[in-house]
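The chain is numbered in sequence order, starting from 1.
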Amino acid sequence: MAEVYKMNAVNSAGALIRGFEHLTRSDVALVGGKNSSIGEMIGALGAEGIAVPPGFSTTSDAYWQYIDANGIREKIATLVAEWQSGKASLVETGHAVRRLFLRGTWPEDAAAAIRTAYRQLSAKAGTENLSVAVRSSATAEDLPDASFAGQLESYLNITGQDALLDACRRCYASLFTDRAISYRQTKGFDHMKIALSVGVQRMVRSDASGSGVMFSIDTESGFGKVVLINAAWGLGENIVQGTVNPDEYQVFKPLLGDANLAPIIEKKRGEKAIKMIYGRDETRTRNVPTSKAERASFVLSDNEILQLGRWACTVEKHYGCPMDMEWAKDGITGELFIVQARPETVHSRRDSAIFKTYDVGKKGRVLATGVSVGNAAVSGRVCLIEAAKDIDKFIDGSVLVTGATDPDWVPIMKRAAAIVTDHGGRTSHAAIVSRELGLPAVVGTTHATYVLHTGQDVTVSCAESDIGFVYEGISDITTKTMDPTGLRAVRTNIMLNLANPAAAYRWWRLPADGIGLARMEFVVTNAIQVHPMALVHFDRLKDAKAKEEIVRLTVGYDHKPDYFVDKLSHGFAALCATVHPKPAIIRMSDFKTNEYAGLIGGAEFEPKEDNPMLGFRGASRYYSPHYKEGFALECRAIKHLREVMGFTNAIVMIPFCRTVGEAKKVLEVMAENGLRRGDNGLKVYVMCEIPSNVILAAEFAEHFDGFSIGSNDLTQLTLGVDRDSGELADLFNEQDEAVKWMIARVTSAARKAGRKIGICGQAPSDHPAFAKFLVEAGINSISVSPDSFLAVKQHVADSEGA
C-alpha cells in the first residue's frame with residue numbers, strides 16, 4: 001500500500017490510512033486497541049507462524065477530520081453535556097449523536113484514501129471487490145481496566161467501495177450507542193477525547209467452516225496453565241453474542257512444546273443449533289439452522305486445537321500477559337487465522353493470592369443447569385425479561401433470566417444479583433460482562449426462560465464446579481476467605497483429595513504438594529455414567545432403555561468402549577494439570593457391586609451381595625473374568641493420559657488389595673494392558689486399608705512404590721465397626737489406640753523399605769492431636785479436602801515446630 005502512504009504523507013490532515021503491517025501496539029492513540037494489536041501480531045508474530053488476515057485501518061485523524069468537515073464537534077459536546085446534566089435521556093442523546101454521524105458526508109481525501117486502500121487490498125487478493133470485515137477500534141479500547149467488550153459495532157461480508165464507506169460511517173456512529181456512552185461514563189472517560197479507528201480486514205471464509213474465541217487462561221479460576229477455546233460453525237458473531245452454545249476445548253500449555261504429545265485436557269461438544277453465513281443481496285449475513293451432522297461433530301480436529309493452543313502461547317508470551325483472542329477457519333483453504341487479540345481484563349486485575357469460597361446448604365430442587373461463570377453463589381428473586389424492549393421492567397437486585405444478552409443489556413446487568421441465560425458459552429457476552437462485574441452467571445441452560453418465572457425464589461450457584469446450578473428456593477450460603485500467603489513451610493507434604501475434574505481449577509492457588517487421592521468413581525459416575533462392561537458387551541445388553549441411553553451418550557464414537565477411555569482420560573487430565581508437575585495419585589475404580597449396578601447397563605453385570613463393603617470390590621475385580629475387560633479400559637485411559645497427553649505425574653493406586661498374591665495378579669494384568677510399573681516412570685501405589693496390608697507391609701513394599709492409608713476402611717476393619725452404622729457411630733474412631741498402632745506400624749515398615757507413605761482422611765483436619773501423631777510417626781504426606789488445607793498445614797507446622 002505504498003501509494004496510499006505516499007498520498008497521506010503530504011495530506012495536511014495527517015495520515016488517514018495505515019496498513020496493518022505498519023502498525024504496532026504503541027499506536028493505540030492512532031488506531032485504537034484492536035487495530036494496533038492486529039498490526040503488532042502481523043509485524044512481530046508472522047515470522048513465528050501466527051496467521052493474521054491482511055488489511056488496513058483508518059486513523060484517529062480521519063475520525064476528527066470527518067467530525068470537523070461535517071461541523072458536528074460542538075453539537076456532539078452539547079448533546080452529551082445536556083444528558084450529563086439531566087436535561088435529556090440517554091436514548092434521546094444517543095439517537096441524536098448517531099444521526100449526526102449517519103447524515104454526514106465523507107471528506108474527499110478521506111474517501112479517496114479508503115477507496116484506494118480497498119482497491120489495493122482487493123487486487124492483492126486477486127479480486128475486484130474483496131469481501132471484508134469492518135470493525136470499530138476505539139482509542140480507549142482493550143485497556144487493562146476497560147475491555148469495552150461488545151460496545152462498538154462490526155460489519156461482516158462488506159463488498160464494494162460504497163458499501164465500505166457506509167460501513168465505516170456506521171462504525172463511527174457506534175461510538176455513541178447508548179451502551180457505549182453509558183460504559184464510558186461509568187469508567188470515567190471523556191466522551192470528546194476518544195476517537196474511533198475503523199479496521200478493514202480480509203474476510204476469512206469461516207461461513208464455510210467455523211470460528212470462535214480463545215483465552216490463554218481459564219476464564220473462571222484464573223488458572224494460567226490452560227488455553228480455553230470455544231468454537232461454533234459459521235461466522236463468529238454468534239459466539240460473541242451468546243446466541244449459540246459452542247464446543248469447548250482446553251489445552252495444557254506446559255506440554256504443548258512436545259510435538260509428540262496431544263495435551264488436550266477437555267473436549268465438550270456444544271449444541272451449535274445455528275450458524276451465521278453470508279447473506280444474499282442487501283443482507284450481508286444471516287443465521288440458518290445447523291445440520292444434525294454439524295451438531296454431532298466437533299468444529300475443530302485435535303491437530304487444529306493444538307495449533308490454536310500453541311498460537312495462544314506465542315501471543316501471550318509476546319504480550320507478556322493473559323490474552324483474549326478471536327480465531328477463524330477458512331472453509332475454502334482450510335487455513336486457521338487469528339483475527340483479534342487483546343489483554344484479558346478480569347483475572348489480570350485480581351488479587352491472585354487471596355480467594356473466597358462459597359458453600360451452598362439446604363439446596364432445593366435443581367431447576368436448570370448450564371455453564372458456570374465465576375465461583376460465587378447468591379439467592380434472589382427471578383425477573384424474567386425475554387426481549388430488550390422490556391428491560392425497563394427489570395427490578396434491581398433480582399436474578400436476571402433471559403435468552404441471551406448483548407451490550408444493550410449492560411445497564412440492567414449491573415443491577416442484577418445474578419444472571420441466567422438460555423444460550424451462550426464461557427466466552428459469550430453474558431459471560432464476559434458477568435465476569436467483569438463479579439456476578440455469578442449460569443449461561444447456556446437451553447431452557448431457563450421456559451422453566452423459571454418472574455417472582456420465583458431461586459439460588460444461583462457457580463460454587464460447585466464448571467457446571468452452574470439454579471436451585472429452587474433460598475439456600476443457606478456461607479463464605480470463607482482463604483489466604484495461603486502466610487503459611488509456614490513444612491517437611492510433611494500436604495496434598496489434596498480431589499475427585500471432581502470440573503472443580504479442580506478452583507484450588508490451583510493452594511500451595512499443595514500434589515493430589516494424594518483422585519477417585520475414579522466420581523469421574524465414572526458423573527462424566528461417563530455407563531458401566532464399562534455394558535460398553536464392551538453392548539450387543540448382548542437386554543435392557544432396551546439402557547441401550548437407548550448408551551447410544552445417546554456415545555454419539556460420535558464408532559467403538560463404544562472408546563467413549564469410556566476418552567471421557568476417563570480427559571477427566572483425570574484436568575486433575576493432573578492442576579498440580580503438574582507435582583504428583584497426582586489416581587485410585588483405580590473402587591465401586592461396590594451395588595454402586596456398579598447403579599450405572600447405566602450395570603445391573604446385568606453385577607452379582608447381588610449381602611455385604612458389598614467386604615465383597616467383590618477393588619483389586620479382586622481387576623483380574624476376574626467378570627470385570628477384567630472393564631479394568632482394561634481403565635488401564636487404556638491411564639496409558640492415554642500419561643503417554644498421549646503427557647501427564648507422567650499420574651501415579652496409579654490399587655485399592656482394597658487383600659493379599660500379596662492378588663497384588664502380583666493385578667500388576668500382571670496392568671502390564672498386559674500397557675501399564676508396566678517403572679516404564680516411563682510409572683509408579684504404582686497400594687491403599688493400606690486392610691490389616692493384612694499392615695501385617696505384610698514389607699512384602700507389599702516389594703511390589704509397590706508407596707502406600708496410602710485409607711483410614712476409614714482401616715478403622716472399620718481394625719475395630720470391626722461398620723462405618724455407616726448409626727448405632728455404632730460412637731465406636732468408630734480413627735484415633736483409637738488400635739488404629740494408631742496400625743498406622744504407626746505400617747509407616748515404620750514403609751519407611752524402612754524406602755517407600756512413600758501418606759494418609760487421606762478427615763481426622764487431621766478436625767483434630768490437631770492426630771496431625772501431631774502422624775508427624776511423629778514419620779508420615780510422608782497428609783492428603784485433605786481443599787477446604788481443610790489451611791488448617792491442616794497449620795496443625796502440621798505447629799507439630800513439626802514442637
Whether Ser569 side chain and Leu641 backbone form a donor-acceptor pair below 3.5 Å: no
Any side-chain heavy-atom pair of Thr492 and Asn780 under 4.5 Å: no
Carboxylate-amine/guanidinium proximity below 4.0 Å for Lys628 and Glu672: yes
Side chains of Met520 and Arg587 in contact at under 4.5 Å (non-hydrogen atoms): no
Option among Leu300, Asp302, Val226, Leu308 that satisfies the side-chain contact (heavy atoms from CB on, under 4.5 Å) test with Tyr249: Leu300
N/O donor-acceptor pair under 3.5 Å between Arg642 side chain and Thr648 backbone: yes
Exceeds 12 heavy-atom contacts within 6.0 angstrom, atom NZ of Lys582: yes
Over 12 foreign heavy atoms within 6.0 Å of CZ, Arg676: no
Near-ring test Tyr596/Phe616, centroid separation under 6.0 angstrom: no
Flag, side chain of Asp705 to backbone of Val684, donor-acceptor distance under 3.5 Å: yes
For Glu702, side-chain contact (heavy atoms from CB on, under 4.5 Å) partners two or more places apart: none
Stacked cation flag Lys547 on Phe538, 6.0 angstrom / 45 deg: yes
is_close_aromatic(Phe605, His626), centroid dist under 6.0 Å: no
Over 12 non-hydrogen atoms of neighbours within 6.0 angstrom of CG in Asp258: yes
Polar side-chain atom of Arg617 near backbone of Thr593 as donor-acceptor pair, under 3.5 Å: no
Lys756 to Phe707, cation-pi by 6.0 Å centre distance and 45° axis angle: no
Test: Lys267 cationic atom under 6.0 Å from Phe298 six-membered ring centre, within 45° of axis: yes
